[in-house]
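Right, one structure below, let's go through it.
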Amino acid sequence: MIVAALAGAMVVDANAQKLSQQQRRERMDSVLTARYYKTPYDTNFVVRPEGRLTLKVRLNQSGDDFHVKGEQDGISSKADLSTSRKTTVSIAASYRGLSAALAINPAKLRGAYEDYEFYLSYYSSRISVDASYHRATTLAGDVRRGDMTEHLESGDVKLKVANLAGYYVFNHRQFSFPAAFTQSYIQRRSAGSWLAGISYQGGSIESREEMKKRAPDAPHIKIKANHLGIGGGYGYNWVLGNKWLFHFSMLPTIVIYNRNYMIVDDMRREEGKMRFNMIFNERAAIVHNFSSRYFAGATLVMSNSVFSDDALVANQNKWRARAFFGIRI
């Protein structure tokens, strides 16, 4: 009798635990659902998509390009450099607005190169941020001085560069960045917005021992640059036929602070006052909703800095392109 009573009590306790766990899951799901559909937008323009779970497969490619033109002592010079393109394949999942992703770089796994890149993006109704850090040794290209051309080999220099672009959306009730870039909302009607923002580009380029081995007479060079800008721009989401979304936005910023210098064999030279110094941030996207469940598209995020003084004009371009296919369950 006692054993049977204990067994019965254990069964009741196990059932109670299962019921309690189920109640906690239901309560958590209810909280997430209420949060998910509590949209900050005018629902005549922007709505949440149906479905608890969104799965996406993404193909990403990114790179850095540098272009420098100058003249010194009557001799013109030009450099066109770029890093190796980084290609990754990622799988992303989002449940009621909570997201996670896993990315794989096939070339990195094969040991093709040792470059490292980190991205952080945040898109909300009012504020959006794109941030990246890139450390690379694959910067290569042609350097021309007068009639002579030298090829900078991959591995000769080490690049470290950070980029940041932050946006504030004024028409945040009708215009949605997430609809274009995370597909966590759907733009139902066309709308645009004026933007305010801040941008930063900074980093360094430094020659490595590999260059010294290949060219023993080459000096050790380190170039460091920092540019901080503020500005305003405009973005627009164009909805076509209730299935297509076309997005474009631009945020030009005027650099209000810069600190640039170059070290050649331990001799440091501060750069003079800039005549022109701006950072431009551009975004573009295409999203096609095949139905309420299936969607696909592509996005492009770019940051370009342009600065010049009496001796040179320099342009740095950081870009990331993405193609994706998703399903909502």
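Note that this is a predicted model, so its numbers are computed, not measured.
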Inset, instruction - Report yes if some heavy atom in the side chain of Lys318 is under 4.5 Å from a heavy atom in the side chain of Val161; otherwise report no. - result: no
Inset, instruction - For Asn258 and His227, work out which heavy atoms get closest and say how close. - result: CB-ND1, 3.6 Å
Legend entry - Heavy-atom check, side chain of Phe324 versus side chain of Val287, under 4.5 Å: yes
Inset, instruction - Return the set of residues passing side chain to side chain contact (heavy atoms under 4.5 Å, CB included) with Tyr257 (not counting sequence neighbours), or none when no residue passes. - result: Leu228, Arg259
Legend entry - Ser176 backbone acceptor or donor facing Asn237 side chain under 3.5 Å: yes
Inset, instruction - Would you check if Leu81 and Val143 make a side-chain contact, meaning some heavy-atom pair closer than 4.5 Å? - result: yes
Inset, instruction - Verify side-chain contact (heavy atoms from CB on, under 4.5 Å) between Ser303 and Glu282, making sure each step is shown before the conclusion. - result: CA-CA 6 Å; Ser303 181; Glu282 305 96 10; over 6 Å; no
Inset, instruction - Group every Ile, Leu, Val, Met, Phe, Trp and Tyr by side-chain heavy-atom contacts under 4.5 Å, then state whether Ile230 and Val129 land in the same group. - result: yes
Legend entry - CA sep, side-chain torsions, deciding dist, call: Tyr261, Ile263, side-chain contact (heavy atoms from CB on, under 4.5 Å): CA-CA 7 Å; Tyr261 64 85; Ile263 299 175; 3.8 Å; yes
Inset, instruction - Could you walk me through whether Phe118 and Tyr116 pass the ring pair (Phe, Tyr, Trp, His ring centres under 6.0 Å) test, one step at a time? - result: CA-CA 7 Å; Phe118 170 79; Tyr116 169 82; 7.2 Å; no
Legend entry - Test side chain to side chain contact (heavy atoms under 4.5 Å, CB included) applied to Thr253 - qualifying residues, sequence neighbours left out: Ser199, Leu251, Ile279, Asn281
Legend entry - Pairwise distance CG(Asn242) to CZ(Arg189) - rounded to 0.5 angstrom: 11.0 Å
Legend entry - Value rounded to 0.5 Å, distance of OG in Ser305 from CG in Asn315: 6.5 Å
Legend entry - Residues which pass side chain to side chain contact (heavy atoms under 4.5 Å, CB included) with Asp42, listed by chain and number, not counting sequence neighbours: Asn44, Phe45, Arg173, Gln174
Legend entry - Exercise: do Thr54 and Gln183 side chains pair donor with acceptor under 3.5 Å: no
Inset, instruction - Check Arg320, Arg85, Glu117 against Ser62 for a side-chain hydrogen bond (donor to acceptor under 3.5 Å, both in side chains) and give me the one that passes. - result: Glu117
Inset, instruction - Can you establish whether the number of heavy atoms outside Ile91 located under 6.0 Å from its atom CD1 is more than 12? - result: no
Inset, instruction - Verify side-chain contact (heavy atoms from CB on, under 4.5 Å) between Ile127 and His172, making sure each step is shown before the conclusion. - result: CA-CA 9 Å; Ile127 296 174; His172 49 78; over 6 Å; no
Legend entry - CG on Leu152 to CD1 on Ile205, rounded to 0.5 Å: 9.0 Å
Legend entry - Contact summary for Gly235 and Leu195, nearest pair of heavy atoms: N-CD1, 3.8 Å
Legend entry - Ring centres under 6.0 angstrom apart (Phe246, Phe248): no
Legend entry - Those residues that, when tested against Lys160, pass side chain to side chain contact (heavy atoms under 4.5 Å, CB included) (two or more places apart): Tyr133, Arg135, Lys158, Ser204
Compile the donor-acceptor pairs under 3.5 Å between side chains in residues 289-302 and protein atoms, sequence neighbours left out, one pair per line.
unit_1, atom_1, unit_2, atom_2, d
Ser291, OG, Arg293, N, 3.2
Ser291, OG, Tyr294, N, 3.4
Arg293, NE, Arg328, O, 3.4

Legend entry - Closest non-hydrogen atom pair, Val157 against Ser207: CG1-CA, 3.9 Å
Inset, instruction - Compare all side-chain heavy atoms of Asn163 with those of Gln316 and state whether any distance is below 4.5 angstrom. - result: yes
Legend entry - Hydrophobic cluster identity match, Val46 and Trp244, side-chain contacts under 4.5 Å: no
Legend entry - Min side-chain heavy-atom separation Thr137-Asp115 under 4.5 Å: yes
Inset, instruction - Verify, without hydrogens or angle tests, whether Ser154 (side chain) and Ala140 (backbone) share a donor-acceptor contact under 3.5 angstrom. - result: no
Legend entry - Inter-residue atom distance Asp64.CG - Leu139.CG, 0.5 Å rounding: 8.0 Å
Legend entry - Within-4.5 Å side-chain heavy-atom neighbours: Thr87 and Leu59: yes
Inset, instruction - Indicate, with yes or no, if Leu245 and Tyr236 share a hydrophobic cluster defined by side-chain heavy-atom contacts under 4.5 Å among Ile, Leu, Val, Met, Phe, Trp and Tyr. - result: no
Legend entry - Distance (rounded to the nearest 0.5 Å) between Asn60 CG and Lys86 NZ: 8.5 Å
Inset, instruction - Could you tell me whether a side-chain N or O of Ser94 sits under 3.5 Å from a main-chain N or O of Ser99, the two making a donor and an acceptor? - result: no
Inset, instruction - Mark yes or no for whether His67, through its side chain, and Ala314, through its backbone, hold a donor-acceptor pair below 3.5 Å. - result: no
Inset, instruction - Report yes if some heavy atom in the side chain of Val306 is under 4.5 Å from a heavy atom in the side chain of Met278; otherwise report no. - result: no
Legend entry - Residues, nucleotides or ligands: over 12 heavy atoms within 6.0 Å of Lys78 NZ: no
Inset, instruction - Could you tell me which non-hydrogen atom of Gly233 sits nearest to which non-hydrogen atom of Pro252, and how far apart they are? - result: CA-CD, 4.2 Å
Inset, instruction - Give every residue pair that meets the ring-ring contact (aromatic ring centres under 6.0 Å, His included) criterion with at least one member in residues 177-201, sequence neighbours excluded. - result: Tyr41-Tyr185, Tyr123-Phe181, Tyr167-Phe177, Phe175-Phe177, Phe177-His247, Phe181-His247, Trp194-Tyr234
Inset, instruction - State whether the side chain of Ser132 and the backbone N or O of Tyr119 hold a donor-acceptor pair below 3.5 Å, judged by distance alone. - result: no
Inset, instruction - Consider only side-chain heavy atoms of I, L, V, M, F, W and Y, link residues closer than 4.5 Å, and tell whether Ile286 and Leu240 are in one cluster. - result: yes
Legend entry - Basic-acidic side-chain contact under 4.0 Å: Lys69, Asp80: no
Legend entry - Verdict with supporting geometry, Val169 and Arg126, side-chain contact (heavy atoms from CB on, under 4.5 Å): CA-CA 5 Å; Val169 179; Arg126 295 172 185 256; 5.5 Å; no
Inset, instruction - Answer yes or no: does atom CD1 of Ile256 have more than 12 heavy-atom neighbours from other residues, nucleotides or ligands under 6.0 Å? - result: yes
Legend entry - Within-4.5 Å side-chain heavy-atom neighbours: Ile329 and Leu55: yes
Inset, instruction - Considering non-hydrogen atoms only, spot the tightest contact between Val313 and Ser308 and give its length. - result: CG2-CB, 3.7 Å
Legend entry - Separation between CD1 of Ile186 and OG1 of Thr43, rounded to the nearest 0.5 Å: 13.0 Å
